[in-house]
Every structure is written in C-alpha cells, then in structure tokens.
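The first residue of the sequence shown is numbered 1, and numbering continues consecutively from there.
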Amino acid sequence: GFFLLWFFFFFVNNCLDILIRKTKKKLYGPNPICKGCLSCSKDNGCIRCQHKLFFFLRREGMRQYGECLHSCPSGYYGLRTPDMNRCSRCRIENCDSCFSRDFCTKCKTGFYSHRGRCFRGCPPGFAALEELMECVEGCEVGQWSEWGTCSRNNKTCGFKWGLETRTRQIVKKPAKDTVPCPTIAESRRCKMAMRHCPGGRRPTKTKDKKKKKKNLMERAQKQHSIFLATDKTSQ
C-alpha cells in the first residue's frame, strides 16, 4: 500500500513538472531570455515583444540582446508606438528616471529636480526641499529703489563722508518657510554734496592745530636765540 501511494505521488509530480516545462517553452521559447517575446533569437534575444511590453536592448560588454519588460529600467522611459513599444534612454543630464525624452521625474543622488531638469543647486528665486530633493518657489522681491540722500547722524552736511541707503519690497513670500527672504535694504559709503553746513563754523582740524602749535614753538625758540645773542653783544 505504501509503495503504491509513493508511486502515485511520484507519477503526479513528474506529470506536473513536464506540464510546467512545456508551458514555459510555449510562452518563452527554448531560451529563458525569450520571456514575453513574439519572436526571439538564441543569440540576440527578443526581436519583437508582446503588445503591452517594452523592448529593451541590454548591453553587457561587447554583447547585446533584446528583452521584453513590463517597465523600463533606470535611465530609460517607455515610448509607445504603433509598431512596437520601446525603452528609450533619458537624454537629460544627471537624470535617474524620466517621463519623456525631455522631462526628468527623478534625479541622481545629490541633484535637485526642477521643472524636469536636474541641478546641483536650485536656481535663483527657488529653495531646496532636502526631503524631496526638489526646488520649490522661494521668496520673491521687487526691484531696488534709487539710492537715498547721503547723510550722517541724520545730517546732510558737516561731514565729508556719509551713508546712502536703498530698499526693495517683498513681492511674494514662500509657501513654506524653506529659506529666508534675501536682504531688502543695503547701504554704501558716499561723499556728501555739502561738506560745510551754511552759516556754521568751519571745523578746525586737529592736524592744523598741531601744525600751528609747532610753528609757534619754532618762532618762540628763534626769538629766544635772538634775545640771547643781543644780550651777549651788549655786554
């Protein structure tokens, strides 16, 4: 009884194995590389694919062969045509996967996605979202105003040098607090149009005071020398 039972299971198992191999051969051809092919070559792989699959030409060293895939590998996108669906290479620099020839959906590691392109850093006016590696709209500012009046200590005269300032307005704040807005005011050194205020006393420079003091000392020493010479002569 045991021998008959074992023989029965052995027979059924062999039959199932033969059926599976025949089914695979019918679907994929004699070579596993021919999976999903309508026509296949032992040396070149798939030549034509089933209607819903994409034809992909894989290269390994000097050898290349065709495959039929449900989705295209990294760096390629699926191009559907009446003749046969194909995997076409993404032509966008630093792109890992793309929606079409000119629109990247995922960039390589270290690059930010922005309008279908990949960048090391986001363009001006856009901020980087690190968690998504995407560039989003940042803070938008208006044009600079004209430079203001040159002044110092709230005065427009009485000094040689002062500061002038210009400003700009925030036109659009970012949707998220991604990055702070750029500076909206800046100043620079300027030369005053009126160094001396009307009706005011002209300030005396410290340098001029020192020079006058030196001249007075020299004149005093000269007069003292003349006095000593005159005194000796009279004696």
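Cluster partners of F103 are F99, counting Ile, Leu, Val, Met, Phe, Trp and Tyr whose side-chain heavy atoms approach within less than 4.5 Å, directly or via other members.
Nearest heavy-atom pair, R168 versus G142, reported as atom, atom and distance to 0.1 Å: CD-O, 3.6 Å. Heavy-atom minimum distance, L69 versus F56: CD1-CB, 3.8 Å.
Listed by chain and number, the residues in a side-chain hydrogen bond (donor to acceptor under 3.5 Å, both in side chains) with T105 are S97 (sequence neighbours excluded). Remark: S145 engages no residue in a side-chain hydrogen bond (donor to acceptor under 3.5 Å, both in side chains) (not counting sequence neighbours). In this view, F159 satisfies the ring pair (Phe, Tyr, Trp, His ring centres under 6.0 Å) rule with no residue, not counting sequence neighbours. Residues passing the salt bridge (charged side-chain N to carboxylate O under 4.0 Å, His left out) test with R188, sequence neighbours excluded: E164. Here I170 pairs with C139, V141, K173, C181, I184 under the side-chain contact (heavy atoms from CB on, under 4.5 Å) rule; sequence neighbours left out. Among residues two or more places apart in sequence or in another chain, the salt bridge (charged side-chain N to carboxylate O under 4.0 Å, His left out) test is passed with R58 by E67. Taking the salt bridge (charged side-chain N to carboxylate O under 4.0 Å, His left out) definition, one finds that R101 meets it with nothing, sequence neighbours left out. Scanning for side-chain hydrogen bond (donor to acceptor under 3.5 Å, both in side chains) contacts around E186 gives R166, with sequence neighbours left out. For T156, there are no side-chain hydrogen bond (donor to acceptor under 3.5 Å, both in side chains) partners, not counting sequence neighbours.
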Between C72 and C87, is the disulfide bond (SG atoms under 2.5 Å apart) condition met? List the steps. CA-CA 6 Å; C72 296; C87 289; 2.2 Å; yes
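Taken as a pair, C95 and C107 fail the criterion of an SG-SG distance shorter than 2.5 angstrom. Under the 2.5 Å cut-off for SG-SG separation, C46 and C40 do not qualify: their sulfur atoms lie farther apart than that.
The SG atom of C150 sits 9.5 Å away from atom CZ of R189, with the distance rounded to the nearest 0.5 Å. Taken from SG in C104 to CG in D96, the straight-line distance is 7.5 Å, to the nearest 0.5 Å. The distance from the OH atom of Y112 to the CG atom of L132 is 11.5 Å, given to the nearest 0.5 Å. Put simply, CG on N153 and CG on L163 are 10.0 Å apart, with the number rounded to the nearest 0.5 Å. Between the CD1 atom of I47 and the SG atom of C37 there is a distance of 8.5 Å, given to the nearest 0.5 Å. Considering CE of M133 and NZ of K106, their distance stands at 11.0 Å, rounded to 0.5 Å.
Using modelled atom types, no side-chain atom of R63 and backbone atom of N44 make a donor-acceptor pair closer than 3.5 Å.
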Report all side-chain donor-acceptor pairs from residues 113-125 shorter than 3.5 Å, counting only partners two or more places apart or in another chain.
| residue | atom | partner | partner atom | Å |
| --- | --- | --- | --- | --- |
| R117 | NH1 | D102 | O | 2.5 |

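Follow the hydrophobic side-chain contacts under 4.5 Å out from L57 and you reach M84 in the same cluster.
Pairs passing the side chain to side chain donor-acceptor pair (under 3.5 Å) check and including a residue from residues 76-94, sequence neighbours excluded, read Y76-R89.
Atom CD of Q143 sits in a sparse spot, with 12 or fewer heavy atoms from other residues, nucleotides or ligands closer than 6.0 Å.
No cation-pi contact links R152 to W161, judged by a cut-off of 6.0 Å to the six-membered ring centre and 45° from its axis.
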